[in-house]
Amino acid sequence: MATQRISGSEAVILSLLEEGVDTIFGYPGGAIMPIYDALYDYDQQVTHYLTRHEQGAIHAAEGYAKVTGRSGVCFATSGPGATNLVTGLADAMIDSIPVVCITGQVSSPLLGTDAFQESDVVGITMPITKWNFQVTNAEEIPEAIAKAFHIANTGRPGPVLLDISKDAQFGMFDYEYKKCTKIRSYLPEHPVDPFQVKTAADIINAAKKPLLLFGHGVMIAHAESELKEFIEKTGIPAAWTLLGLSALPSDHPLNVGMLGMHGNYGPNIKTNEADVVIAIGMRFDDRVTGKVAAYARQAKIVHLEIDQAEINKIIKADAPVLGNAKKSLRMLIDNVNTNSHEAWVKEFRACDKIEYEKVIEKDIYPTQPGLTMGEVVRIASEKTNHDAILVTDVGQQQMIASRYFKFSQPRSNVTSGGLGTMGYGLPAAMGAKIGQPDRVVFAMSGDGGFQMTIQELGTIAQYNLDIKIIVLNNNFLGMVRQWQQLFFEKRYSFTEMKNPDFVGIAKAYGLAAQKVTSRDQLEGAIQEMLDHKGPYVIEVVVEKEDNVFPMVPAGASVSDIILEP
């Protein structure tokens with residue numbers, strides 16, 4: 001590419017275009033104004049979405065990244081603009097989401113002087129980014145952006161942040177762009193060791209009661225077809241983490257459900273009966289393992305993982321396989337025997353029957369007058385033939401939705417896993433819809449989380465984003481209230497909420513909306529929402545003490561999962 005003399009600000013935009021960026025979320029301000037001025041001339045090549053808060057911008061970038069597999073991009077100004085990205089950066093870091101954030105900064109001569117809207121954003125975000133860097137010369141911009149995208153997207157993905165001083169944005173230089181394909185001392189993924197694969201295969205082939213656990217790493221590696229091929233060849237039942245949801249179709253005969261604190265009965269208790277546990281692209285989070293000292297002590301552990309730091313961090317692996325999950329699975333498929341574990345799988349189905357009778361039937365087909373979260377989720381899923389993208393906030397509705405919404409395509413479940421960020425759902429749904437405009441996108445929130453980023457209704461209205469928003473309103477911070485009910489003697493300390501008129505607020509933004517208070521309204525309201533062209537908000541008033549079960553109590557073994565209070 002021939003060089004051209006341009007400003008640092010224009011170099012930012014041209015570099016993003018070189019990386020194939022066509023979508024940016026952001027909020028302008030003084031220190032990033034030169035970049036926004038340059039963006040003005042490129043509105044035919046890249047679409048910028050003005051969010052109502054910088055946190056909305058980064059969560060939207062996360063949602064976009066999750067459904068597309070590409071890096072989300074967001075802009076923010078210096079000081080409070082940059083610090084408003086912190087929650088989203090931490091969220092993307094723990095959930096391995098590729099996001100490239102570009103922040104403006106005061107001019108380099110003012111750095112360290114406590115200038116207006118100056119903050120040490122590099123220092124603040126160092127622990128919650130995969131890489132960050134401060135640019136103070138225009139000439140550094142192309143290389144910094146190329147490195148940012150390479151680091152964000154390769155190996156175990158994650159967020160990166162570039163902080164660009166205002167004088168660097170104004171500076172003129174001879175621009176040339178070279179994509180980054182390699183960085184000295186940065187090894188994003190190890191080559192898969194055939195000996196490790198053979199060791200793992202020997203353990204799997206000898207197993208009588210194997211259980212496969214799959215997480216987000218399967219979708220990051222685009223290994224969904226390999227996962228399916230592996231379980232179908234071996235006959236091994238497969239359970240998923242919250243972030244692994246949708247990597248395997250919900251109706252697959254070897255899909256045995258969700259792991260963890262509010263997961264399904266079968267995969268939790270059977271973890272401590274399995275003789276081999278095969279973990280793929282998951283990190284043995286505490287919400288999955290429960291009491292670590294009592295977790296799968298009887299089983300040999302096979303762990304397929306791209307990040308060496310995750311191997312043996314929590315659960316010791318008898319057969320670690322370091323590397324990309326797609327490559328590891330492909331090699332493992334070639335080394336495992338064709339098998340069937342019908343009797344073992346039937347044990348999971350027997351557990352399903354117990355859970356259905358004690359929990360599920362009451363959740364999704366209730367007989368009491370009040371509406372349940374479960375029936376709302378069931379109807380929304382059925383009305384879209386289980387083909388929609390579901391974006392959830394954090395709390396009771398997140399767990400209920402993960403349990404009862406069904407999926408037929410991968411990259412269809414968008415949620416905040418490791419950080420548990422309330423307020424995530426609405427802006428992440430914006431990014432999901434922009435990334436997959438032809439698919440139905442549900443944004444499901446509780447009344448608490450919805451109010452944390454409710455201002456993003458303005459963004460949804462401005463760009464007419466066809467998102468189907470369901471607010472499950474129990475006038476409580478539901479998950480905290482559930483814990484208070486079960487473990488704190490019903491001492492509901494500051495969890496009851498006096499909520500506004502959600503329908504009135506939605507209509508004030510120009511959105512179609514309605515409130516559902518009875519069962520005879522529910523199905524028709526969801527159908528009306530789906531038939532409507534454009535964004536739509538339904539507030540559903542649900543039972544105040546509608547709890548999420550099963551549940552593994554904090555500090556308990558997964559074998560101690562309880563089905564009812």
Side-chain angles (χ1 to χ4, degrees), residues 54-67 69 71-72 74 83-101 121 124-132 148 151-161 188 213-221 240-247 258-263 279-290 292 303 305-315 325 391-395 398-399 402 411 413-425 427-428 431-432 449 452-453 479 554:
E54 292 86 356
Q55 185 176 347
I58 190 166
H59 289 330
E62 287 185 272
Y64 177 91
K66 279 194 174 183
V67 301
S71 286
C74 66
T83 59
N84 280 342
L85 299 177
V86 166
T87 297
L89 288 169
D91 191 278
M93 185 68 177
I94 200 166
D95 282 355
S96 304
I97 309 300
V99 176
V100 175
C101 298
V121 66
I124 290 168
T125 63
M126 191 173 292
I128 51 171
T129 51
K130 191 176 176 186
W131 180 67
N132 67 10
I151 292 170
N153 279 294
T154 52
R156 181 178 181 175
V160 300
L161 182 140
L213 319 177
F214 63 91
H216 189 203
V218 170
M219 283 181 283
I220 291 172
W240 34 272
T241 69
L242 179 63
L243 292 180
L245 178 54
S246 82
M258 182 166 70
L259 299 159
M261 180 170 282
H262 290 291
I280 304 176
M282 55 87 74
R283 56 190 179 85
F284 291 107
D285 173 75
D286 61 289
R287 283 297 193 265
V288 164
T289 64
V292 172
H303 194 179
E305 173 59 49
I306 198 166
D307 186 353
Q308 190 164 18
E310 295 295 347
I311 293 177
N312 297 325
K313 185 176 84 174
I314 296 169
I315 302 297
V391 186
T392 52
D393 212 276
V394 168
Q398 177 190 33
M399 295 294 100
S402 301
R411 297 187 179 277
N413 178 55
V414 179
T415 197
S416 170
L419 199 65
T421 305
M422 289 180 68
Y424 174 91
M452 287 195 169
T453 49
M479 188 60 86

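The figures that follow rest on heavy atoms only: side chains count, while hydrogens, waters and symmetry mates do not. Just so you know, residue 1 is the first one in the sequence shown, and it goes up from there.
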- Heavy-atom closest pair, residues C74 and C101: SG-SG, 3.2 Å
- Message: Taking G423's backbone N and O only, do any of them form a donor-acceptor pair with T453's side chain (distance below 3.5 Å, no angle check)?
- Response: yes
- Could you walk me through whether H59 and V391 pass side chain to side chain contact (heavy atoms under 4.5 Å, CB included), step by step? CA-CA 11 Å; H59 289 330; V391 186; over 6 Å; no
- Message: A side-chain contact here means heavy atoms from C-beta on lying under 4.5 Å apart; do V99 and Y64 qualify?
- Response: no
- Item | Option passing side-chain contact (heavy atoms from CB on, under 4.5 Å) with V394 (candidates M452, M422, M399) | M422
- Backbone N or O of V160 within a donor-acceptor pair of the T129 side chain at under 3.5 Å? no
- Task: Without swapping roles, check the side chain of D95 against the backbone of G417 for a donor-acceptor pair under 3.5 Å.
- Result: yes
- To the nearest 0.5 Å, tell me how far L419 CG sits from I94 CD1. 6.0 Å
- Closest heavy-atom contact between W240 and G244? CB-C, 4.2 Å
- Is it true that a side-chain atom of N413 and a backbone atom of T392 form a donor plus acceptor pair closer than 3.5 Å? no
- Query: Do any N or O atoms from the side chain of D285 and from the backbone of R287 form a donor-acceptor pair under 3.5 angstrom?
  - Reply: yes
- Message: A side-chain contact here means heavy atoms from C-beta on lying under 4.5 Å apart; do R283 and D307 qualify?
- Response: no
- Note on the structure: Nearest heavy-atom approach of G431 to V67 is O-CG2, 4.5 Å
- Item | Check: T415 main-chain N/O paired with K66 side-chain donor or acceptor under 3.5 Å | yes
- Item | Polar side-chain atom of T289 near backbone of V292 as donor-acceptor pair, under 3.5 Å | no
- Can you name the closest pair of heavy atoms from L85 and E54 and give their distance? CD2-O, 3.5 Å
- Task: Give a yes or no on whether the backbone of L161 and the side-chain of N132 come within a donor-acceptor separation of less than 3.5 Å.
- Result: no
- Item | Gap between atom CD1 of I280 and atom NE2 of H303 - 0.5 Å precision | 9.5 Å
- Query: Any sub-3.5 Å donor-acceptor pair from Q398's side-chain atoms to S416's backbone N or O?
  - Reply: yes
- Pairwise distance OG1(T421) to CG(D91) - rounded to 0.5 angstrom: 3.5 Å
- Where A247 and M219 come nearest, the two heavy atoms and their spacing: CB-CG, 3.8 Å
- Message: Working to the nearest 0.5 angstrom, can you tell me the gap between M282 CE and L213 CG?
- Response: 5.0 Å
- Closest non-hydrogen atom pair, R411 against S246: N-OG, 3.3 Å
- Item | Approximate separation, where rounding is to 0.5 Å, of K130 NZ and R156 CZ | 9.5 Å
- Query: If we only count heavy atoms from C-beta on, is the L242 to M261 side-chain gap below 4.5 Å?
  - Reply: no
- Task: First locate atom OG1 of T83, then atom CD of Q55, and finally report the distance between them rounded to the nearest 0.5 Å.
- Result: 11.0 Å
